There are 2 protein chains.
Amino acid sequence: MAKNIQSLERAAAMLRLLAGGERRLGLSDIASSLGLAKATAHGILRTLQHEGFVEQDPGSGRYQLGAELLRLGTTYLDVHELRARALVWTDDLARSGGEAVYLGVVHQQGVLIVHHVFRPDDSRQVLEVGAMQPMHSTALGKVLTAFDPVAHAELVEAEREAFTARTLTDLPEIERVLERTRAQGYATDLDETWEGVASVAAPIFDRHRLPVGAVGITGAVERVCRDGDLRPELVAAVRDTARSVSRDLGAKPF
Amino acid sequence: MAKNIQSLERAAAMLRLLAGGERRLGLSDIASSLGLAKATAHGILRTLQHEGFVEQDPGSGRYQLGAELLRLGTTYLDVHELRARALVWTDDLARSGGEAVYLGVVHQQGVLIVHHVFRPDDSRQVLEVGAMQPMHSTALGKVLTAFDPVAHAELVEAEREAFTARTLTDLPEIERVLERTRAQGYATDLDETWEGVASVAAPIFDRHRLPVGAVGITGAVERVCRDGDLRPELVAAVRDTARSVSRDLGAKPF
DNA sequence: CGCCGCGTTCGACAATGCTAAACACTATCG
DNA sequence: CGATAGTGTTTAGCATTGTCGAACGCGGCG
């Protein structure tokens with residue numbers, strides 16, 4: 001195992017700590033949380049502040065995340081090839097399905113949402129790009145764990161929280177669901193993450209037939225389900241979209 | 001001047017370099033661009049990759065920005081107090097004005113967009129949160145330079161690109177406009193950044209009466225202007241919104 | 001095949017960033 | 001009202017840490 005740069009690891013830990021805690025954090029809190037001397041933490045924070053990754057409240061002296069992170073994070077989206085290819089197809093999927101569409105990739109024991117098309121009505125909705133979804137309970141997460149070995153390995157290690165009464169937390173049970181997901185080529189989520197919300201998702205592959213992400217539709221159970229299961233035409237639409245994006249990425253059909 | 005941590009500065013420079021170049025960059029490019037030994041650059045990149053700030057294309061070995069930046073950047077928005085307070089008011093402004101609304105803060109020689117409400121019609125629009133706008137040609141930028149001394153200092157230093165024939169680049173001329181902006185309490189942009197696009201913006205102050213950001217409306221000249229100038233009712237609506245947000249932040253109306 | 005380019009690893013040196021202690025400052029409290 | 005217990009910040013010195021230059025393995029190209 002090659003050694004990584006210590007100060008960078010510590011800086012990253014600080015950013016993650018600041019991202020976790022809702023409110024701003026003081027220097028002493030940060031230093032003790034990471035087991036560092038105050039001066040050490042201060043030096044790192046000073047540099048991060050100078051680079052714009054961290055901001056300091058002039059009044060209280062507390063620290064919070066900086067604007068440069070937003071700028072760089074947005075740039076990440078611009079470069080993201082999967083997202084660029086998917087843009088064209090997700091709009092159509094949202095329109096034909098009449099529900100919100102999500103595009104996600106595996107990131108650290110969860111699904112990172114890299115694109116989100118609002119449900120096509122005039123209701124107020126909040127953009128969830130950049131947010132994380134759990135691996136074991138959402139359709140996006142299940143489809144990714146089923147096809148991506150890295151994601152699967154992380155699911156086994158991670159603790160699986162029960163969000164609702166229907167959330168699967170038992171490992172053998174989950175494995176059976178993943179097996180079926182691989183067989184049928186898509187995954188669903190019925191009340192397993194949020195009460196009254198269901199979703200379908202299908203995997204997207206690149207030119208080497210490796211899973212690089214997943215598209216899915218999410219909506220209220222009353223609208224997206226019929227007879228206690230997801231409407232077949234929605235499942236078909238999602239799978240079609242996933243195939244189209246995969247083809248755009250260079251994956252051979254068949 | 002206190003000294004900053006070298007490895008962190010270099011890591012930040014790499015992230016900014018990767019954000020700048022459209023395509024993925026190779027290790028040698030990065031090392032030579034920053035004047036570093038290949039091994040040094042590699043060590044930093046390896047750590048950044050391990051922390052999720054950078055990703056490496058398995059095929060070509062090239063580097064690009066990582067997903068963790070998107071996650072952290074979004075978290076920045078969640079914590080942002082100005083944005084949280086403004087959310088309520090900007091929707092109303094977009095509806096009453098019938099145009100797109102932007103909320104921006106000063107960041108490194110430019111305006112960083114932290115909130116964006118789409119123009120309320122069914123046209124396809126792309127979210128510009130996380131994008132940068134120039135300081136000297138947009139209404140948001142001018143209003144911020146007029147009231148924020150830090151932004152003003154950076155404007156003087158920076159080079160002022162002429163985007164259209166009407167862009168102001170001459171410093172004394174800009175100073176006169178800023179003087180008028182301070183006097184009247186708002187700024188405009190008529191064809192100075194994009195042809196056929198105009199905007200109005202007003203400053204937002206915190207409890208210490210310091211400028212912390214600006215709200216503005218942007219739209220096609222034909223819609224937002226009349227008789228060659230911005231419609232007075234739009235100007236009034238923008239200023240009202242700015243005042244409301246300022247009051248929410250604790251600024252005394254006195 | 002031999003060449004260059006790539007990303008990666010190795011090992012040694014010293015510059016670098018870490019630690020601990022003291023510093024100013026504010027708010028709190030007896 | 002002075003003492004106290006918190007802040008965040010700065011300083012000085014030591015040795016850990018990151019840096020450097022060179023060599024390595026690999027793949028594509030001529």
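In this text the structure is predicted, and so the values were computed from the model without any measurement. Every chain is numbered from 1, with letters handed out A, B, ... down the list of sequences.
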Answer with base, sugar-phosphate or nothing: what part of the nucleic acid does [X] contact at a heavy-atom distance below 4.0 Å?
| X | answer |
| --- | --- |
| B/Gly43 | nothing |
| A/Arg10 | sugar-phosphate |
| A/Ile5 | sugar-phosphate |
| B/Thr40 | base |

To the nearest Å, give me how far apart [atom1] ([X]) and [atom2] ([N]) are.
| X | N | atom1 | atom2 | value |
| --- | --- | --- | --- | --- |
| A/Leu34 | C/dT19 | CG | P | 11 Å |
| A/Leu8 | D/dT16 | CG | C1' | 16 Å |
| A/Glu9 | C/dC18 | CD | P | 12 Å |
| B/Gln56 | C/dC6 | CD | C1' | 11 Å |
| B/Leu45 | C/dC6 | CG | P | 15 Å |
| B/Met14 | D/dG18 | CE | P | 14 Å |
| A/Leu48 | D/dG8 | CG | P | 16 Å |
| A/His42 | C/dC23 | NE2 | P | 17 Å |

Closest to side chain of [X], choosing from [options]:
| X | options | value |
| --- | --- | --- |
| B/Leu27 | D/dG8, C/dT16, C/dT8 | C/dT8 |
| A/Ala39 | D/dG21, C/dC18, D/dT10 | D/dT10 |
| B/Ile44 | C/dC18, D/dT7, D/dT19 | D/dT19 |

Going by heavy atoms in the side chains, are [X] and [Y] under 4.5 Å from each other?
| X | Y | result |
| --- | --- | --- |
| A/Leu144 | A/Met135 | yes |
| A/Val200 | A/Tyr186 | yes |
| A/Leu77 | A/Val129 | yes |
| B/Arg160 | B/Leu171 | yes |

With a 4.0 Å cutoff (strictly under), does any side-chain N or O of [X] reach OP1 or OP2 of [N]?
| X | N | value |
| --- | --- | --- |
| A/Tyr63 | D/dT7 | no |
| B/Ser60 | C/dC6 | no |
| B/Ser7 | D/dT17 | no |

inquiry  = Using heavy-atom distances to pick each residue's nearest nucleotide on DNA chain D, tell me which of B/Ala37 and A/Arg62 is more 5'.
reply    =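 It is A/Arg62, whose closest nucleotide lies nearer the 5' terminus.
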
request  = Using heavy atoms to find the nearest nucleotide of DNA chain D for A/Gly26 and A/Gln6 separately, return the residue whose nucleotide is more 5′.
outcome  =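 Its nucleotide being nearer the 5' end, the pick is A/Gly26.
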
query = Side chain of B/Lys38, base of D/dG21: donor and acceptor closer than 3.5 Å?
reply =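 Absent.
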
ask   = Quick one: what's the B/S/- string for nucleotides 25-30 of chain D, heavy-atom cutoff under 4.0 Å, read 5' to 3'?
value = ------

request  = Measure the spacing between CG of B/Leu18 and OH of B/Tyr63 and express it to the nearest 0.5 Å.
outcome  =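 The CG atom of B/Leu18 sits 10.0 Å away from the OH atom of B/Tyr63.
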
ask   = Is any side-chain N of the basic residue among A/Glu55 and A/Arg62 closer than 4.0 Å to the acidic one's carboxylate O?
value =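 Between A/Arg62 and A/Glu55 there is no salt bridge, as every charged N stays at least 4.0 Å from the carboxylate O atoms.
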
inquiry  = Working note: B/Trp89 + B/Asp248, criterion side chain to side chain contact (heavy atoms under 4.5 Å, CB included); need CA distance, chi angles, decisive distance, verdict.
reply    = CA-CA 10 Å; B/Trp89 305 96; B/Asp248 265 16; 3.1 Å; yes

ask   = Hey, mind stepping through A/Arg10 and B/Glu51 against salt bridge (Lys or Arg N to Asp or Glu O under 4.0 Å) and telling me if it holds?
value = CA-CA 10 Å; A/Arg10 289 172 168 178; B/Glu51 301 294 338; over 6 Å; no

